[in-house]
Amino acid sequence: MYSASLFSQSKIANNILNIESKKRAEIFKEETNFRKAQHYFEVNNWDSTLVYSMRHLSISSNKELNDYCHYFRGFTFHKKKLFKEAKLELNLISKKFIFYPLANKTLGEISMQLKEFKKAIEYFSQIENPSITNKQGFKASTIYQNIGTCYLHLNQFEKAEEYLFKSKNLKEKENDNGSLLNLYINIANLYYVQYKDEQAFPYFEKSYLLSKKVNDFNKKWDASLNMAVVEENRGNYKKALEYRKEAEQWNDSLNNQNKVWAVADYEKKFAVAQKQKQIKVLEVENQLKNTQRNSLFFSAIGLLILLTGGVYMYTQKAKSAKTILIQRNKLDQLNANKDQLFSIVSHDLRSSVNALKTSNSKLSDSLQTKNYEELNQLITQNSSIANDTYSLLDNLLHWAMLQTKQLYFHKESVHLYSIVQQIEYNYKSLLQEKEIRFENVVPKNIFLFVDLDSLKIIFRNLLDNAIKFSKHNDEIRFYTAEINSEFCQIIIEDSGIGMSQNTISELLQDSETLVKKNNSEIIGTGLGLQLCKQMTAKNGGTLSIQSEINKGTKIILTFSKITKNG
Amino acid sequence: MDNINVLIIEDTPEQSDALIKVLLENNYTVVGVARNFTDALKLFYENTIDIIIIDVFLDGKPDGITFAESINIIPNASKPFVFLTSSKDRQIFERAKLTKPFSFLMKPFNELEILYAIEMAVEKFYEQTNVFLGEEQDTVISDDHLFIKKKNALKKVSINDILYIEVEERYCNIITEKEKFVILISLTKISDLLDKNKFIKTHRNTIVNADKIEEIILADNLIILKGNHKINLSDTYKDFIKKMNILS
């Protein structure tokens, strides 16, 4: 029935060691592994201590630090109950190490654990001197107790008694109830195993009384159980029963405590799980928030795009509406022009045909009265009216085709002199009738690069106009003036009635409105000159007018000509 | 010099009569007047034709163009065309344009316009433009004829009838078996246009039709042509003899 507590632990023993090792760590700052090992040793993180001390040992050759490390490792292995390894490590410590006694102490404790009590006594006896123990940060009382315990196990009771009492004397001053309790139990056991029950009993009692002061259920249980056994042996069953009951109670408490711990552990786990859940909920919430934020963001962007699109569309629409308005105005004007043209043309046609009609009735009258002299004159008149009407209609047709872009247009080499001759050929009779001199002084080697038919239309109209605005015995001339190798000027000059600067600018206006001429006798639409202007432009030429009233008019045309090689 | 043979394809008698009147007045020969497409083809194949005047519309259909198109398909049969039309309709013109070369005459037309259109048609067809109305040349040369402008009208001379050509400054004297006349053309131009194997330079201003050579007397540097025309042979140009097939 030996007590379970064979020796006393020495937790505080390391205080001085810790301080010293920390100092070393600070001195050797570059030895990070040592520093870490020291740190973990101090906070009792045994695994990390092992790792870093091993790292330190494998790199460093600093003996002092290595000794520390060996000690750390030895102590740690001891703590982890790896006694063999602990012994090996501790044996590696050099004897010069300041804390060598500490190593001895640990070795002794290991030996005790391994029940090698003699060895243990050897180790302990090396360090039992109080002068050593105080410097090393552990108590001589502990060593004495350990030695005593060892002797107790070796059944050397006298020695055991000696040491235990040495320890008792010291410990009673130290006021350490826990270890004192252990000591009392050990002493009690010492007497008890020698069957000195009378001597043992007071120590059991003492330990029992002391156990009331400590909180350790284990010790309480021990003490009360010991009392129960002792009382039983003394035959005092009633008391023994009481102590048993108390022991049971403490045992239950112990169990309870275990249960409480288990419950606490469970609660902890539960709390952790709860927290985990909360975290998850929070995460989900966060995600939700994120998605909400994203959707909000995208919808905002969508709205923005919609808005800009709307604004763009609106401006586009406004713009197109504006263009449409402008186009409509232009169309209205064009339509008005067309209407005007229609009315003028139909008016002209109407008067021409009317003249023809009256002339024809006159003609038949003359035939009936056989007035042959007048007949001839009437026929000439008729044919001139017909000619005028024809050229008007011809112009109208070309105008229409030009407007609708149906006109065939093909530029080629055109012999200017021949064309002037061809045009003049049709007006020969008219010229003769009006006694107008016509001169074609165009050089015969000029070839223009133009569309033949449009050139003819231009010349026809210009000659027609020239004749129309000329008086008897006037003169019309076609001649050229070369500008450069690429262009040629053709001038149609008459000595007719001419026109004012106003009329010229009206005629040359770019607008497509037609000018109603003021000359009441000679009615025209201005269509002819408009046609000339447009045809000239289409041929890449220019048209300008110089005129003086009663002196005559010059129409100046410019066209590109064919340049002959050689 | 011969007259130019003209074929008229025109369905309206007034129009064709007006044309004939002008053509005859200007010493053209009117080979015939076709009123429709079939007649036109018949007349075209039965006669020697130099120029064809075609009305675009025959009886309301654009058969004139069809005729030109069908003539154009046959190799070497095509002749210079003059299209008569009263409309400037773009579609018709675009179609007629495909039968290049072409010349247009718009109705109503006067005498000068007819003659001008015919000349243009010949120039364009033989790709020698600005000839008849220019001041440097009055002759268009085809493979077998010279087309020469005499006063207002064109005349033709068969190249096979030419004995030799004598150059005098800007003019050339053309000597045939029957006649002798002057045309306005430069020596370089005429020698470019004539077949070089047929017409041989024997002197710096003489070109001889090799087919007409009767005898070459090297000792006297003399060539004797048909009709007993004697031509001087210059040493510089003797080389041509080597190329000739001399009977031995």
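Note that the structure is a prediction, hence the values are computed from the model and not measured. We use all heavy atoms of the structure for the numbers below, so side chains are in, but hydrogens, waters and symmetry mates are not.
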For the pair A:His415 and B:Glu119, evaluate side chain to side chain contact (heavy atoms under 4.5 Å, CB included) and give the outcome as yes or no after the intermediate values.
-> CA-CA 11 Å; A:His415 190 233; B:Glu119 287 164 19; over 6 Å; no
Side chains of A:Phe447 and B:Thr129: closer than 4.5 Å at any heavy-atom pair?
-> no
Run the side chain to side chain contact (heavy atoms under 4.5 Å, CB included) check on B:Phe104 and A:Leu452 step by step: do they pass?
-> CA-CA 9 Å; B:Phe104 276 104; A:Leu452 175 63; over 6 Å; no
Between atom CG of B:Leu133 and atom CG of A:Leu416, what is the distance when rounded to the nearest 0.5 Å?
-> 11.0 Å
For atom NZ of B:Lys21, is the number of surrounding heavy atoms from other residues, nucleotides or ligands below 6.0 Å larger than 12?
-> no
Measure the shortest side-chain to side-chain distance between A:Asn426 and B:Phe109 over non-hydrogen atoms and say whether it is less than 4.5 angstrom.
-> no
Exceeds 12 heavy-atom contacts within 6.0 angstrom, atom NZ of A:Lys428 = yes
Taking B:Asn130 for its side chain and A:Ser413 for its backbone only, find out whether a donor-acceptor pair lies under 3.5 Å.
-> no
Non-hydrogen atoms of chain A under 4.5 Å away: do they reach the side chain of B:Glu111, the backbone, both or neither?
-> both
To the nearest 0.5 Å, what is the distance between NZ (B:Lys124) and CD (A:Glu412)?
-> 3.5 Å
Can B:Met106 and A:Lys456 be said to form a side chain to side chain contact (heavy atoms under 4.5 Å, CB included), step by step?
-> CA-CA 10 Å; B:Met106 290 288 285; A:Lys456 278 185 182 170; 5.8 Å; no
In Å, rounded to the nearest 0.5 Å, how long is the span from CG of B:Asn110 to CD of A:Gln421?
-> 10.5 Å
